[in-house]
A.B. asks: 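Sharing a structure with you now.
Proteins come first, then strands; the chains are lettered A, B, ... in the order of their sequence lines, and each starts at number 1. Atom set for the values below is all heavy atoms of this structure, side chains included, hydrogens, waters and symmetry mates excluded. Note that the coordinates shown come from a computational prediction; the quantities given were computed from them, not determined experimentally.
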2 protein chains.
Amino acid sequence: MSSKKMPTLADVGRLAGVSRGTVSNVFNHPHLVRADVRERVEAAAKELGYDGPDPRGRVLHGGKFNAIGCMPPGDYTIADMFRSPYLRELMLGISLACDEAEATLSLIKGSNASRTSAIREALVDGFILGHSADIELITSAQRRRLPFVILESEAGPDVNSIRIDGRGGALMAARHLAELGHRRLAILSVRRTAGPPIVHMPNDPTRSIAEGSHLDNERLEGFRQGLAEAGIAIADVPIVETTPGEPAAGAVLFDRFPDVTAIMTMSDWQAITVLDEAVRRGIDIPGAVSVVGFDGTSEGSRTTPQLTTVAHDIVGKGKLAAEMMLAGGPPRQIVMPVELVVRASTAPARL
Amino acid sequence: MSSKKMPTLADVGRLAGVSRGTVSNVFNHPHLVRADVRERVEAAAKELGYDGPDPRGRVLHGGKFNAIGCMPPGDYTIADMFRSPYLRELMLGISLACDEAEATLSLIKGSNASRTSAIREALVDGFILGHSADIELITSAQRRRLPFVILESEAGPDVNSIRIDGRGGALMAARHLAELGHRRLAILSVRRTAGPPIVHMPNDPTRSIAEGSHLDNERLEGFRQGLAEAGIAIADVPIVETTPGEPAAGAVLFDRFPDVTAIMTMSDWQAITVLDEAVRRGIDIPGAVSVVGFDGTSEGSRTTPQLTTVAHDIVGKGKLAAEMMLAGGPPRQIVMPVELVVRASTAPARL
DNA sequence: AGAAAAACTTGGAGCGCTCCAAAGATTGCC
DNA sequence: GGCAATCTTTGGAGCGCTCCAAGTTTTTCT
C-alpha cells in the first residue's frame, strides 16, 4: 500500500529499454511485438507492478467507455431500481443486453438539482432514460451526441423511444371493472413529487389532476374513456395520488372511500400495497373490493390473491431499449402492446 | 445530429476571446471570473453548443470518477443482480449508500476470461467484490490501489471484508431440524460453475464435496457439525449441487431422494425453487418435507408457506460495504451475526 | 551476397482538461 | 495621484494513453 505514484507506460518502457509505443502494443496488440521484446516488457511491467494501461488515458484518446448509463425517472433513486418491481424487471431486461454485449451498466443519479449535469459528466457511451418527459434532459443528452432511448415519454421522431399503449391498457382495465358491474370506483394515481398522498375528492370543481407526467395522463385518459362508456363521469371518481412505494396508499383509500368496490391503479407496486393493507384490515379481495394493477410484474402473479393487471413485457422492453441504444441507427419510436391479465383480484361487484 | 466534432474549451475560449483557463473557471469555479466575462463565455458556449467540460479530460487530469464498481460473484451475471433475491437486497443496500453519496453505481462483468482486466479498466473509484475468493482478483484490485471490500470470502487482515457467520448459521439450521426429529435429510448446495445439477449419493466413498468456495464449505461444515451432534454422519446425507437459479433443483431432490423428510439449502432462492416444485407435485410442506433456506431475503417471507431460514441483514451488509469503501480508512474485517428465523416451512418429522 | 520484402520499433502529435505561478487589471486609501 | 492590496486572467505543464508515419532491423529470395 505504498503511496508511490502508479507506474506508467513510459516507466515500463524505460526499464525495459523500449519506447512507450512498444509497451502499449504489448498490452493492446501483442501480435505485432517480437516475442523476446514482449517478454522483456512483461518482466519490466511485473517488476514495477504495472498492471496494464490506465483506463483514463485510453478513454481520453477517444475510446469508448463500453458502458451504458441508466437514470431512474423522476424522483426515483438508484435504490428504487432494486426495489420497485417494475424498475427491477426493466433493469433486468437492460442488464440482459449488457451481459450479451459485455458492457458495463452504470446507474446514475445526479444531485436532484441537476440531472442534466449528471448526463453531461457520465462516463458512458449512451443512455436509457426513464419516463421523464423533461425536455431539458433530452436536450442535454442530445448535446453530448450520445445515443439514447427514452422510455414511456412523449418524444419526437428524432429520438429513440419505447412506450406502451397506456391509454389502451387503462381502457381495458376500466371496461373490465365496468363489465363486472362496478359503479363506485377509485383511482390510485402516481404522485411524481415527494410528499404524502394527495386526495382528489369527487365532484370537486377545483381539482386538477392532469399535472402528472405524460405517462400518467395517458392512463387517466384511458380510465376516463372506459368509465364514460359505462356512463360514469371521471369527475365523480375519487383519485388518490401517492408516491410509488408509499405504504399508506391502501389506508387512505379504505379510510376515505369505504364504499368503493373497485380500485384501479397505475402500477402493480401500488396495487400490492393496497392488497397488503386489505389483509391488515381483513377486507376481502376481491369479495369486497376489486383491485387492478398496472405493468404486469412478476410480483403481481405471486400475491394472494393473484393480481389482475394490465400487463406488458417489461423485461423485453428493457432489453430492446438497451439493444436499440447499443446498435445505433436511425431513431425509432416503438409502441408496445399491453394485455389485460385477469387473475383473482377482481370479481363481480358486491351490491 | 451533425457529425461535426464536439467543441472544446479552447474553441469556446477562442470565440469568447478568453483563454482556456478562464473558460474552465466559468464552468468549475465561476466565482472567480468577472461577471461580464462569464456572461460572454456562457454566450459563446451556448452558440457553439458547448455543454460543459468533457468528462474524459477532467478524469485524465487525475480526478475521481465518483462511481463505485460492483462485480457479481463467480458465474453470476449482471442480470442476476436484479434477479437473485439475495443479490438484489445486497445491491439495494449498496445503492442506498450510493444515493446518499450521490455516487454512480457501475455494474461490471468482464468477459468470463478476464475479470481481472475488467477490474483494471473499470472507471470507478473503488470496488465491492462478491464472494469470489479468487486471489487473483484481489491482487488485481490491490494493484490499482483502489479501495475495495470483499464480501463473504476469506480475506487477509490487509483487506476490507464483510462476511456472515455461515458456519454458525448452518449449525443452527441443522440443530433445528434435528430437534424436530428429522433423521433423513438432504443438502442442497451451490454449484459454482455452469451446468446441470450434480448429485452426490450418500456413502459414496469417492465423493468430494469440498470443492466449492469458502462460503459454501463453511456452511457445509456447519451442517456437518449440527448433524454430527444428532448422531448423523454427513457422509450418509445426499448432497445436490445446483447453480443458483436452477429450476430443476426441487425435481432432482424429490425424484432421487423421495424418503427424505428435510432439506437444508444454501440460499433462499434455492429453497423457493424447492417450494415451487413441491406445489407442482402436491407435496405438503412442511407436512411431508421441511425446508430451510439461507440468507433471510424478503422473498422468503412471502412464500407459502413462509420460509424458515438462516437470516442476516443483507441490506445492511451492502450499505456497510459501500460505506466502508467510500470512507477509506484502515482495512477492517467484519463478521455479521446470523439468526435462525423459524417460520412455517419446517415442522416435526413424519415417520 | 545483395536487394527487396516483411517485420518490428520509435517518438511526435495530439486527446480535453485542470492546476498553478505569474502577469495584468482594478480598487481602495491616504 | 500614487502605491499597495486585491481581483482576474493567462498560458505553460502536464495527466497517461493511442495512433501513425517514418525509420530500423530481420527475413526472404534470387
A.B. asks: Salt bridge (charged side-chain N to carboxylate O under 4.0 Å, His left out), that's the test. Do Asp99(A) and Lys109(B) meet it? Break it down for me.
C.D. replies: CA-CA 7 Å; Asp99(A) 280 323; Lys109(B) 178 71 184 183; over 6 Å; no
A.B. asks: Does the side chain of Leu87(B) reach to within under 4.5 Å of the side chain of Glu89(B), using non-hydrogen atoms?
C.D. replies: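 Not in contact.
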A.B. asks: Output, in order, the C-alpha distance, side-chain angles, deciding distance and verdict of side chain to side chain contact (heavy atoms under 4.5 Å, CB included) for Leu107(A) and Met91(A).
C.D. replies: CA-CA 10 Å; Leu107(A) 311 181; Met91(A) 295 311 300; 3.6 Å; yes
A.B. asks: In residues 33-46 of chain A, which ones come under 4.0 Å of DNA chain C, going by heavy atoms?
C.D. replies: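 Heavy-atom cutoff 4.0 Å gives Val33(A), Arg34(A), Val37(A).
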A.B. asks: Starting at CE of Met71(B), measure out to OH of Tyr76(B) and round the result to the nearest 0.5 Å.
C.D. replies: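 Here the rounded value is 16.0 Å.
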A.B. asks: Using side-chain heavy atoms (C-beta onward) and a distance below 4.5 Å, is Leu105(B) in contact with Ile94(B)?
C.D. replies: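 A side-chain contact under 4.5 Å exists here.
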A.B. asks: Would you say dT10(C) has OP1 or OP2 under 4.0 Å from some side-chain N or O of Thr22(A)?
C.D. replies: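 Yes, within the criterion.
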A.B. asks: Indicate for each nucleotide in nucleotides 12-18 of chain C, in 5' to 3' sequence, whether protein heavy atoms under 4.0 Å reach the base (B), only the sugar-phosphate (S), or nothing (-).
C.D. replies: BBBBBBB
A.B. asks: What ring pair (Phe, Tyr, Trp, His ring centres under 6.0 Å) pairs are there with at least one residue in residues 29-70 of chain B, not counting sequence neighbours?
C.D. replies: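 Output for this query lists Phe27(B)-Tyr50(B).
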A.B. asks: Enumerate the salt bridge (charged side-chain N to carboxylate O under 4.0 Å, His left out) contacts for residues 21-50 of chain B, please, sequence neighbours excluded, ordered by first and then second residue.
C.D. replies: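 Sorted result for residues 21-50 of chain B: Arg34(B)-Asp36(B).
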A.B. asks: For a quick check of understanding: with a heavy-atom distance under 4.0 Å over all strands, which category does Val18(B) fall into, base, sugar-phosphate or nothing?
C.D. replies: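 If one applies the 4.0 Å heavy-atom cut-off, Val18(B) turns out to touch the sugar-phosphate alone, with no base involved.
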A.B. asks: When the axes are fitted on five pairs at both termini, how much does the helix from dA1(C)-dT30(D) to dC30(C)-dG1(D) curve, in 10° steps?
C.D. replies: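 The angle separating the two end axes equals 30°.
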A.B. asks: Distance only, no hydrogens: is a donor on one side chain within 3.5 Å (strictly under) of an acceptor on the other, for Thr22(A) and Asn25(A)?
C.D. replies: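 Not at all, the side chains of Thr22(A) and Asn25(A) share no donor-acceptor pair under 3.5 Å.
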A.B. asks: Start with the C-alpha distance between Arg192(A) and Asp75(A), add both sets of side-chain angles, then the distance that settles salt bridge (charged side-chain N to carboxylate O under 4.0 Å, His left out), and finish with yes or no.
C.D. replies: CA-CA 7 Å; Arg192(A) 295 291 176 191; Asp75(A) 283 332; over 6 Å; no
A.B. asks: Arg143(B): which residues meet the salt bridge (charged side-chain N to carboxylate O under 4.0 Å, His left out) condition with it, sequence neighbours left out?
C.D. replies: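 Residues passing salt bridge (charged side-chain N to carboxylate O under 4.0 Å, His left out) with Arg143(B): Asp51(A).
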